[in-house]
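Whatever order the structure lists them in is the order used to number ligands and atoms, beginning at 1. All figures in this text were calculated on a predicted structure; none of them were measured in a lab.
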Amino acid sequence: MDKLSNKIIFITGASAGIGKACAEAFAKEGANLIITARRIAILKKLSQSLIKRYKIKVFAAKLDVRKKEEVKKLISSLPSVWKKIDILINNAGLARGFADIDEGDYKDWDEMIDTNVKGLLYVSREILPLMVKRKKGHVINIGSVAGHVVYPKGNVYNATKFAVNALTRAMRLDLYEKDIRISSVDPGLVETEFSLVRFRGDKERARKVYEGLSPLTPEDIADAVLYCATRPKHVNIDEIIITPSIQASPMHIKRKE
Ligand code: NDP
Ligand code: 8X3
């Protein structure tokens with residue numbers, strides 16, 4: 001197993017759900033973290049708690065991955081010790097809305113494409129050259145089963161996750177000869193703030209998504225990410241598709257009566 005202690009892990013979307021669980025899991029293994037998201041107050045609290053419990057170093061920064069100049073500024077202005085990023089977890093992402101494509105909302109479409117696709121590209125474009133220069137690094141993209149199978153009303157969210165799938169493959173082709181490992185972890189239903197965000201704060205609608213079933217937890221996904229990150233140097237995990245046992249596809253979900 002490749003040790004994580006003293007490695008530097010850059011996580012996008014670390015203020016909630018899967019990103020936050022990854023921060024916890026990697027901190028527990030002794031890694032130092034750069035945690036980013038828009039809700040800086042949550043990150044600061046998380047940072048204090050991780051430092052106290054795991055005696056690691058944490059750099060918490062406000063970052064909206066959609067803002068190219070903000071991404072460039074943050075990464076170029078990192079102190080030199082923090083620029084030695086070993087692992088990038090491209091996790092920030094969201095779904096907005098659930099409508100037939102002829103009734104879709106332009107604002108929702110822009111937000112999903114700007115965050116899930118362009119945001120992932122901006123962060124990767126700034127961090128990859130630092131990794132290539134050091135001839136080592138590992139990018140772990142959080143994709144989705146929605147990037148493998150399209151479901152009704154999933155349209156643009158599906159398209160963004162299919163794009164993440166394509167970009168994971170493209171990154172691997174362009175970077176394997178530069179000693180950079182590329183993986184993706186592609187979950188099915190995970191209970192996080194995801195549905196609350198998708199339905200713009202409608203708690204009842206969000207609750208119904210997970211009603212009568214045992215979804216994955218953010219910790220289940222962090223565990224898979226940790227597995228990818230801790231393989232020996234000669235091993236690359238290309239892709240992990242992980243679903244709750246009650247889910248066979250985005251449309252096949254067994255619920256209790
Ligand atoms: P959450 O809503 O719980 O967390 C999303 C995280 O992304 C938050 O930390 C949020 O932080 C951050 N984020 C959203 N927009 C931006 C932005 N513009 N800039 C920076 N950070 C942003 O959802 P999940 O943990 O479930 O989602 C994480 C990833 O997992 C996403 O890519 C999602 O598509 C994927 N996924 C989720 C599944 C699920 O069922 N939950 C299944 C498959 C994949 P903040 O608001 O503070 O910026
Ligand atoms: C999230 C999983 O099936 O809700 O990416 O789209 S799904």
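When non-hydrogen atoms are compared, ligand 1 lies under 4.0 Å from the backbone of L63 (N, CA, C, O) but not from its side chain. For Y210, no heavy-atom contact with ligand 1 is shorter than 4.0 Å.
In this structure, a donor-acceptor pair under 3.5 Å is absent between the side chains of E29 and Y54. Judged purely by distance below 3.5 Å, without hydrogens or angles, the side chains of D220 and T217 pair a donor atom with an acceptor atom. Defined by atom type and a distance below 3.5 Å, a donor-acceptor pair is missing between the side-chain atoms of S184 and N141.
Ligand-side atoms of ligand 2 in range of S144: 1 (C), 2 (C), 5 (O), range being under 4.0 angstrom from any heavy atom. Atoms of ligand 1 lying under 4.0 Å from at least one heavy atom of D64, given by number and element, are 17 (C), 18 (N), 19 (N). Taking a cut-off of under 4.0 Å to the non-hydrogen atoms of G17, the atoms of ligand 1 that pass are 3 (O), 25 (O). Proximity to L189 (heavy-atom distance under 4.0 Å) selects the following atoms of ligand 1: 40 (O). Atoms of ligand 1 found under 4.0 Å from any heavy atom of S15, numbered from 1 in the order shown, are 8 (C), 9 (O), 10 (C), 11 (O), 45 (P), 47 (O). For ligand 2 and A146, the ligand atoms under 4.0 Å from any heavy atom of the residue are 6 (O). Proximity to Y157 (heavy-atom distance under 4.0 Å) selects the following atoms of ligand 1: 33 (C), 34 (O), 36 (N), 44 (C).
A distance of 5.0 Å separates CG in L63 from OG1 in T36, rounded to the nearest 0.5 Å. Separation of atoms CD1 (I180) and CZ (R134) is listed at 9.0 Å; rounding is to 0.5 Å.
For the pair D186 (side chain) and I241 (backbone), a donor-acceptor distance under 3.5 Å is absent. Within the 3.5 Å criterion, the main-chain N or O of M112 finds no donor-acceptor partner in the side chain of T115.
Between E111 and K118 there is no salt bridge, since none of the side-chain N atoms of the basic residue sits less than 4.0 Å from a carboxylate O of the acidic one. Salt bridge annotation for E24-R53: present, with a cationic side-chain nitrogen under 4.0 angstrom from a carboxylate oxygen. For the pair K107 and D105, the salt-bridge criterion is not met [side-chain N within less than 4.0 Å of a carboxylate O]. A salt bridge is absent between D86 and R181; no separation between the charged side-chain nitrogens and carboxylate oxygens falls under 4.0 Å.
An N or O contact shorter than 3.5 Å links I18 to ligand 1 by distance. Considering both main-chain and side-chain atoms, L94 never comes within under 3.5 Å of ligand 1 through any nitrogen or oxygen pair. Below 3.5 Å of separation, one finds an N or O of K161 facing an N or O of ligand 1. Inclusion of Y157 in the set of residues having an N or O under 3.5 Å from an N or O of ligand 2 is warranted. Geometrically, ligand 1 and V197 share no nitrogen or oxygen pair separated by less than 3.5 Å. Any N or O atom pair closer than 3.5 Å counts here, and V190 shares at least one such pair with ligand 1.
Among all protein heavy atoms, the one lying closest to atom 23 (O) of ligand 1 is T192 OG1, 3.5 Å. Protein heavy atom in closest approach to atom 31 (C) of ligand 1: N91 O, 3.2 Å. Nearest non-hydrogen protein atom to atom 3 (O) of ligand 2 is Y151 CE2, 3.8 Å.
The closest approach between G143 and ligand 1 falls below 4.0 Å for a heavy atom of the residue. At a 4.0 Å cut-off, not a single heavy atom of T12 sits close enough to ligand 1 to count as contact. Under the 4.0 angstrom criterion for non-hydrogen atoms, A146 is not in contact with ligand 1. Within the 4.0 Å heavy-atom cutoff, K20 does not count among the residues contacting ligand 1.
Ring pair Y157/Y151: centre-to-centre distance not below 6.0 Å.
Residue L94 belongs to a hydrophobic cluster whose other members are V197, with links defined by side-chain heavy atoms closer than 4.5 Å.
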